[in-house]
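Shown next, in structure tokens, is the structure this report addresses.
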Amino acid sequence: MYDLLIVGAGPYGLSIAAHAEARGLDTRVFGRPMESWRHHMPRGMFLKSEPWASHLSAPGPGLGLDRYCVEHGETARHGRPIPVGTFASYGLWFARQAVANLDERMIARIDAAPTGFLVETEDGQVLHSRAVALATGVLPYMRVPEALRGLAEEHVTHSSQHSDLSRFRDADVTVVGAGQAALETAALLAELPARVRIVARAPELAWNSVPPPWVRPWWKSLRAPHSGLGCGWRNWFYAERPGAFRRLPDRTRAAVTASALGPAGAWWIRDRVAAGGVDVRLGETVVDARPVSGRVRIRTVDAAAGARDFDTDHVIAATGFEADCARMTVLAPRVRSVLARSAGGSPRVGRGFASSYPGLFLAGLVTAADFGPAMRFVHGASYTAPTLVDAVERHLARRPRQGGPVVPRGREHQGPVGVTSRANG
């Protein structure tokens, strides 16, 4: 029986695994490493976060994105965006350095057992674990506007379903949304070239400003400190104090989760959208979409002009992700049904990222309602991983193995365990 099985091998899952293994917990992490970064983002995309805010979390030094870039002849510098491909390769490198027990099989089902959980792999193997950390990223939670849900995939896709946009060369493509994914997807499409329009409910596009220099006069740093989520004390609080955020009143947390760090484009994409001749239609809501002669007929409505119809070859919904317990289908119904939920349907987590089901821990987007906006970004892993593993150790201490107290593997006759250096399993 394992101490901890981690489901998901993205930035959060790999970070949790690195900390758990370093503490001697009998751990295995499942999933194709950096899957969404490698196969669900088009070539040519960049990280919106600063390089120094994009490290995976390890218990020791030397495994940050900056070290990877130095070793591989790449540049990680403040104010210079990192290609998504570079970040994905960094994640694979991190896994080789810090995670010994990585299994690339996917998990089909997580069910309850008298002493923890039964975890079934995609090929039918059943494993036992005393605790499970669910770190499945954002892909299970794709949000598509209701008006588009009846269309087949040949006519509508989510922005996270594309690793290559070249199929749309010379096509007419409508991108729905006003955030970074929508704006960068539109820029990449225009550069193919394709005929591109953006349709968004927002009355105007929001753009992040160029970050101030890393080295600044002390009084400027004091007025608006850098943080993993941008400049300013409010962003600093979200980024650096998720534990304190969790203690805010429910109503405050809900308001921040719904509004903070909303849809906006990075400063370095603005000129590309303008240069690409993208047709930007703001203040419009898609209310109907239907196939017509091999294309899609879209109807939008806005307060000023009323309804407008147009035809397009394909619609890409760059409309983000929405955490919802109902979509956590890897959990058996009897586990999923008892999870405490927020008003928005996302699972509630307590101190240490523990769900309301004993021994089940959650990480990433699904914890943003309790721990704040940082959980929607890689930077959130730096708080999540050590905090979650602390809680796993407390859980294991309360529920000892049959026959005696918990003695973490590898610690019976030695001191603290360091980060191991092993190839992918």
Side-chain angles (χ1 to χ4, degrees), residues 36-37 39-42 45 47-48 84 136-163 165 168 171-190 194 196-208 254 257-266 269 273 278-291 296-302 308 310 312-328 342 344-346 364-366 368-369 373 375-377:
S36 62
W37 301 88
H39 301 302
H40 293 271
M41 297 185 190
M45 277 195 166
L47 262 67
K48 190 178 183 183
V84 162
T136 51
V138 299
L139 293 181
Y141 308 106
M142 292 184 295
R143 181 184 177 279
V144 176
E146 185 175 355
L148 300 174
R149 292 175 194 169
L151 294 175
E153 200 167 288
E154 67 176 298
H155 295 305
V156 62
T157 50
H158 192 271
S159 57
S160 64
Q161 293 177 281
H162 297 283
S163 61
L165 294 170
F168 299 116
D172 184 291
V173 184
T174 298
V175 179
V176 179
Q180 175 69 8
L183 296 167
E184 193 168 13
T185 297
L188 289 169
L189 286 166
V196 188
R197 74 181 57 79
I198 290 174
V199 174
R201 294 178 301 175
E204 59 183 6
L205 295 179
W207 298 97
N208 298 130
T257 300
S259 61
L261 302 173
I269 202 74
V273 171
V278 176
D279 177 11
V280 180
R281 302 183 180 184
L282 300 175
E284 298 191 16
T285 301
V286 177
V287 296
D288 188 55
R290 62 191 64 190
V296 183
R297 181 156 296 164
I298 301 290
R299 170 164 290 184
T300 65
V301 172
D302 71 35
R308 179 185 346 197
F310 61 89
T312 189
D313 295 322
H314 192 86
V315 182
I316 296 179
T319 43
F321 306 88
E322 190 171 44
D324 188 340
C325 286
R327 299 193 191 187
M328 302 171 73
S342 70
S346 62
L365 172 71
V366 296
M375 302 302 121
R376 304 200 302 258
F377 298 87

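No hydrogens, no waters, no symmetry mates; every other heavy atom, side chains included, goes into these values.
- Side chain of His40 to backbone of Ser160: a donor-acceptor contact under 3.5 angstrom is found.
- Applying the salt bridge (Lys or Arg N to Asp or Glu O under 4.0 Å) test to every pair with at least one member in residues 278-290, sequence neighbours left out, gives these pairs: Asp279-Arg281, Glu284-Arg308, Asp288-Arg290.
- Checked against ring pair (Phe, Tyr, Trp, His ring centres under 6.0 Å), His155 has no partners two or more places apart in sequence or in another chain.
- The two residues Ala369 and Thr257 make their nearest non-hydrogen contact at CA-OG1, 3.7 Å.
- Remark: Arg143 CZ is packed, more than 12 non-hydrogen atoms of other residues, nucleotides or ligands lying under 6.0 Å away.
- Separating the CG atom in Leu148 from the OG1 atom in Thr157 is a distance of 10.0 Å, to the nearest 0.5 Å.
- Taking every heavy atom of both residues into account, Ile298 and Ala289 meet most closely at CD1-CB, 3.6 Å.
- Take Arg376 and apply the salt bridge (charged side-chain N to carboxylate O under 4.0 Å, His left out) test, not counting sequence neighbours, and it matches no residue.
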Mind listing the side-chain donor-acceptor pairs of residues 176-189 below 3.5 Å, one per line with the distance, residues two or more places apart or on another chain?
| from | atom 1 | to | atom 2 | distance (Å) |
| --- | --- | --- | --- | --- |
| Gln180 | OE1 | Ala266 | N | 2.7 |
| Gln180 | NE2 | Glu184 | OE1 | 3.2 |
| Glu184 | OE2 | Phe46 | N | 3.0 |
| Thr185 | OG1 | Ala181 | O | 2.6 |

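- In terms of heavy atoms, Pro145 sits closest to Thr319 at CD-OG1, 3.5 Å.
- At least one donor-acceptor pair closer than 3.5 Å links the side chain of Thr312 to the backbone N or O of Asp172.
- In this view, His158 and Phe321 satisfy the ring pair (Phe, Tyr, Trp, His ring centres under 6.0 Å) rule, not counting sequence neighbours.
- Taking the six-membered ring where tryptophan is involved, the planes of Phe168 and His314 are tilted, since the angle between them lies from 30° to 60°.
- Side chains of Thr300 and Asp302 form no contact here, defined as non-hydrogen atoms less than 4.5 Å apart.
- Of all heavy-atom pairs between Thr174 and Val199, the closest is CG2-CG2, 3.9 Å.
- Contacts classified as side-chain hydrogen bond (donor to acceptor under 3.5 Å, both in side chains) and involving residues 145-154 (residues at least two apart or in different chains) are given here: Glu153-Gln161.
- Between Phe377 and Leu261 the shortest heavy-atom distance is CE1-CD1, 4.0 Å.
- A side-chain contact (heavy atoms from CB on, under 4.5 Å) with Leu365 is found for exactly one of Leu139, Thr136, Val138, namely Val138.
- Minimum heavy-atom separation, Ala318 to Val175: CB-CG1, 4.1 Å.
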